[in-house]
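Chain letters run A, B, ... following the sequence lines, proteins first, then strands; residues in each count from 1.
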Amino acid sequence: MSLRRTSVQALLGSQELEREVVVNGWVRTRRGNKYVQFIAVNDGSSIHNIQVVADAEKFPEESLKDVTTGSCVAVRGQLVASQGKGQSVEIQAAEITVLGKADPEEYPLQKKGHSLEFLREIAHLRPRTNTFGAVLRVRHALAFAVHQYFNDHGFYYIHTPIITGSDAEGAGQMFRVTTLPDQNPPLTEDKAGVDYKQDFFGKQTNLTVSGQLEGEVAAMALGKVYTFGPTFRAENSNTARHLAEFWMIEPEVAFNDLQDNMELAEDFLKYLVRYALDKCADDLQFLNDQYDKELLERLRFVVDNDFQRLTYTEAVEILKSAKKKFEFPVDWGTDLQSEHERYLVEKHFKKPVILTDYPKDIKAFYMKLNDDDKTVRAMDVLFPGIGEIIGGSQREEDLEKLRARMAAMHVPEDELWWYMELRKFGTAPHAGFGLGFERLILFVTGMANIRDVIPFPRFPKNAEF
RNA sequence: GCUUCCUUAGCUCAGCCGGUUAGAGCAUCUGACUGUUAAUCAGAGGGUCCCUGGUUCGAGCCCAGGAGGGAGCGCCA
């Protein structure tokens, strides 16, 4: 087989028939009778399979014994118009080589559907299913679209550190990074604790929970930047919307205010959804048919309609006058619960919502204080079924106001001296936000659990694979 | 971390009020069938009813503890 192999995707779209081709891939099903066998082969390039036809004259049953669901094959043959109804082209096989057998008594994947919970337990094989193939292709397309969008809009991609020396980022519990021995680590002189001065970096270090603070450093020099990297949270979160390791996209823009920030967030999200609709039509159609009959309709709705913008204070008024009884009371000054956000997005407005100007006490220290001295220029973008998909703000650029907020919220100045110096030297208004990449994929694919939109999910009590 | 539900064949699940030998569909194996489309048809094999203990003449079913999983909530993106 010296002929170069062609992808299934390319073959299915080919107009040049009656030519010899080679395709490599994994067998999804084999069916037929004693005269002719049909083998559905998938190589991951498409949700669709190519049908390989093996006539019994050339391929006696014995020769196809190892061509079973899950096995890996190399096929050489003629690409021809299909005699059957389900496909336009197929391969009339001349040679079939089994590259890797898959004992049908043991291979866990079958032609018929499996539960997503079961597939989670065989994460090393689940990419071979239609569903995960579709999800992973969509995931790729969206990652590519993120870079495309920012590059087209003059942003620079900044690599912020994975290992961070500050534990003051204010976004939850962190994973410790250390090379000290876990048995008898060196202790401080007063024996009160571990002496991290002797650790690899000479101080306590952790995995990052956000690239934002370093992103601000870059924005104060390059103007428009974004990060796109892994993020780690050691929270004991057990929900369908949380992971311990996830990917986050964080643009940060000098001279942007909160309005600009909202414009960017909405335009960016619509671009990403539109990109998926354009580039992943087959995969999204499959997901629409299999999991969520309203998926495509919902995606088009988001692209075609403006997000609803209102302040936290206005949202509280709406919720207070709502007829619905909430489990948790709504009060100005407390954070909104999931049920409140869902009511606003799914019942009241029936569209994505951007909430702004939250009470200062429930938001992070770096958010810019409004003139009312009560609220900050924060924004949360809420999506149906997902909840918060973006959280962001205009940042406090005034050194003294920032210092006062840090003191009030017990954020240690000495660890963030460099962050404060951004305000000391050539400060500028700026704003940014964080988009949870997996939450975006959840929305675009219609999947229900965030553990099903990342190849190797990390969550409490689970780091298999 | 809290609340709640689930765990029966390789997979998805049924199993009545606690009662004799635990069932179905799919998968697998065998056979039939000249173009199938998650092929179809016939037959066969396949069980630590999650684990431990208890109640009972008798437990897949009731009770207690444990393990694993799901959903909701909290924290958040």
Side-chain angles (χ1 to χ4, degrees), chain A residues 28-40 48-57 61 65 68-70 80-87 90 92 102-122 129-130 169-173 209-212 230-250 265 290 326-328 335-342 362-364 380-383 386-392 433-443 448-452 454 459-462 464:
Chain A
R28 288 293 171 78
T29 71
R30 192 184 110 210
R31 54 181 173 260
N33 50 53
K34 79 168 78 158
Y35 304 97
V36 59
Q37 293 277 316
F38 303 93
I39 306 160
H48 302 297
N49 306 321
I50 185 97
Q51 173 157 285
V52 173
V53 184
D55 287 324
E57 293 172 17
E61 196 145 0
K65 176 172 57 71
T68 57
T69 298
V80 298
S82 178
Q83 297 173 34
K85 289 213 172 68
Q87 57 285 313
E90 62 192 19
Q92 192 70 43
D103 184 346
E105 295 281 4
E106 288 186 65
Y107 185 63
L109 290 175
Q110 297 170 8
K111 309 180 199 185
K112 292 228 171 180
H114 295 282
S115 68
L116 293 170
E117 291 83 2
F118 173 69
L119 293 174
R120 243 170 255 157
E121 292 170 13
I122 51 168
T129 63
N130 287 333
E169 288 167 6
Q173 293 293 308
V209 293
S210 165
Q212 179 201 317
T231 308
F232 307 88
R233 304 271 169 94
E235 303 284 357
N236 189 18
S237 294
N238 293 285
T239 81
R241 297 182 306 284
H242 290 85
L243 290 167
E245 177 182 298
F246 63 99
W247 289 67
M248 189 153 63
I249 297 139
E250 296 177 286
Q290 288 293 317
F326 295 111
E327 188 186 343
F328 293 90
D335 212 353
L336 298 181
Q337 305 289 317
S338 292
E339 57 173 340
H340 304 142
E341 296 178 349
R342 294 183 73 109
I362 58 171
K363 288 292 182 182
D380 282 3
V381 181
L382 310 178
F383 262 33
I386 308 292
E388 183 182 347
I389 196 168
I390 278 179
F433 60 80
L435 167 65
F437 187 50
E438 282 76 17
R439 288 192 179 173
L440 171 72
I441 303 168
L442 268 184
F443 180 75
N449 193 312
I450 202 164
R451 296 167 187 179
D452 296 331
I454 188 168
F459 52 94
K461 300 280 181 287
N462 199 302
E464 194 73 36

- B/U40 and B/C26: how far apart are their C1' atoms, nearest whole angstrom? 14 Å
- Message: Treating A/E341 as the side-chain partner and A/G387 as the backbone partner, does any N or O pair qualify as donor plus acceptor under 3.5 Å?
- Response: no
- Show your reasoning for whether ring pair (Phe, Tyr, Trp, His ring centres under 6.0 Å) applies to A/F326 and A/H340. CA-CA 8 Å; A/F326 295 111; A/H340 304 142; 4.9 Å; yes
- Message: Strictly distance-based, threshold 3.5 Å: is any side-chain N or O of A/T231 a donor or acceptor partner for the main-chain N or O of A/V209?
- Response: no
- Message: On the nucleotide B/A38, are OP1 or OP2 found under 4.0 Å from the side-chain N or O atoms that A/T29 carries?
- Response: no
- Item | Sugar-phosphate, base or nothing in reach of A/L243, heavy atoms under 4.0 Å | base
- What integer distance in Å separates A/Q212:CD from B/C76:P? 15 Å
- Task: Could you check A/T69 against A/E61 and say which one's nearest nucleotide on RNA chain B is further toward the 5' end?
- Result: A/T69
- Task: Answer yes or no for this row: A/F38 ring on B/G35 base, centroids under 5.5 Å, planes under 30°.
- Result: no
- Item | Euclidean distance for C1', B/C13 against B/U56 (whole angstrom) | 29 Å
- Message: Base, sugar-phosphate or nothing for A/E388? Non-hydrogen atoms, less than 4.0 Å.
- Response: sugar-phosphate
- Roughly how many Å is it from CG in A/L109 to P in B/U28, rounded to a whole number? 13 Å
- Query: For atom P, what is the distance between B/G15 and B/C6, given to the nearest Å?
  - Reply: 12 Å
- Query: How is A/L440 classified with respect to the nucleic acid when contacts are heavy atoms under 4.0 Å: base, sugar-phosphate, or nothing?
  - Reply: nothing
- Task: Remember a base hit wins even if backbone is also touched, and classify A/S82 as base, sugar-phosphate or nothing at under 4.0 Å, heavy atoms.
- Result: base
- Item | Atom-pair distance (CD on A/Q92; C1' on B/U34), nearest Å | 13 Å
- Axial cation check for A/F383 ring with A/R439, 6.0 Å and 45° limits: no
- Item | Nucleic acid footprint by protein, nucleotides 69-75 of chain B - heavy-atom cut-off 4.0 Å, B for base, S for sugar-phosphate alone | -SSBBBB
- Where each residue is assigned the nucleotide of RNA chain B containing its nearest heavy atom, which of A/P104 and A/K85 is assigned the position nearer the 5′ end? A/P104
- Item | Between B/A22 and B/A9 - P atom distance, rounded Å | 14 Å
- For nucleotides B/G68 and B/A24, find the distance between their P atoms and express it as a whole number of Å. 33 Å
- Just checking A/G434: base, sugar-phosphate only, or nothing, at a heavy-atom cut-off of under 4.0 Å? sugar-phosphate
- Roughly, in whole Å, what's the span from CG in A/N49 to C1' in B/U36? 14 Å
- Item | Atom P, compared across B/U7 and B/A27: separation rounded to whole Å | 25 Å
- Message: Any base atoms under 4.0 Å from A/F246, or only sugar-phosphate, or nothing? Heavy atoms, all strands.
- Response: base
- Per-nucleotide pairing state of RNA chain B [Watson-Crick or G-U, under 3.5 Å; [ ] pseudoknot-crossing; | other strand]: (((((((..((((.....[...)))).(((((.......))))).....(((((..]....))))))))))))....
- Message: Given 3.5 Å as the limit, does a donor-acceptor pair link the side chain of A/E250 with the main chain of A/G434, or not?
- Response: no
- Should we count CD of A/E339 as having more than 12 external heavy atoms under 6.0 Å? yes
- Query: Any N or O donor-acceptor pair linking the side chain of A/Q110 to the base of B/G10 at under 3.5 Å?
  - Reply: yes
- Rounded to the nearest 0.5 Å, the CZ atom of A/F437 sits from the CD1 atom of A/I389 at a distance of 11.0 Å
- With a non-hydrogen cut-off below 4.0 angstrom, is A/E341 in contact with a base, only sugar-phosphate, or nothing? nothing
- Message: Distance check needed: B/A77 P versus A/E245 CD, whole Å only.
- Response: 17 Å
- Item | Distance, C1' atom - from B/U30 to B/G46, rounded to whole angstrom | 15 Å
- Task: First locate atom CD of A/E105, then atom OG1 of A/T68, and finally report the distance between them rounded to the nearest 0.5 Å.
- Result: 10.5 Å
- A/K34 NZ to B/U40 C1': how many Å, rounded? 16 Å
- Item | Gap separating the CZ atom of A/R30 from the CD1 atom of A/I39, nearest 0.5 angstrom | 6.5 Å
- Touch class at under 4.0 angstrom, heavy-atom based, for A/E57 against every strand present: nothing
- Query: Which whole number of Å gives the distance between the C1' atom of B/C2 and that of B/G60?
  - Reply: 31 Å
- Less than 3.5 Å between a donor and an acceptor, one on the side chain of A/Q51 and one on the base of B/U36, is that the case here? yes
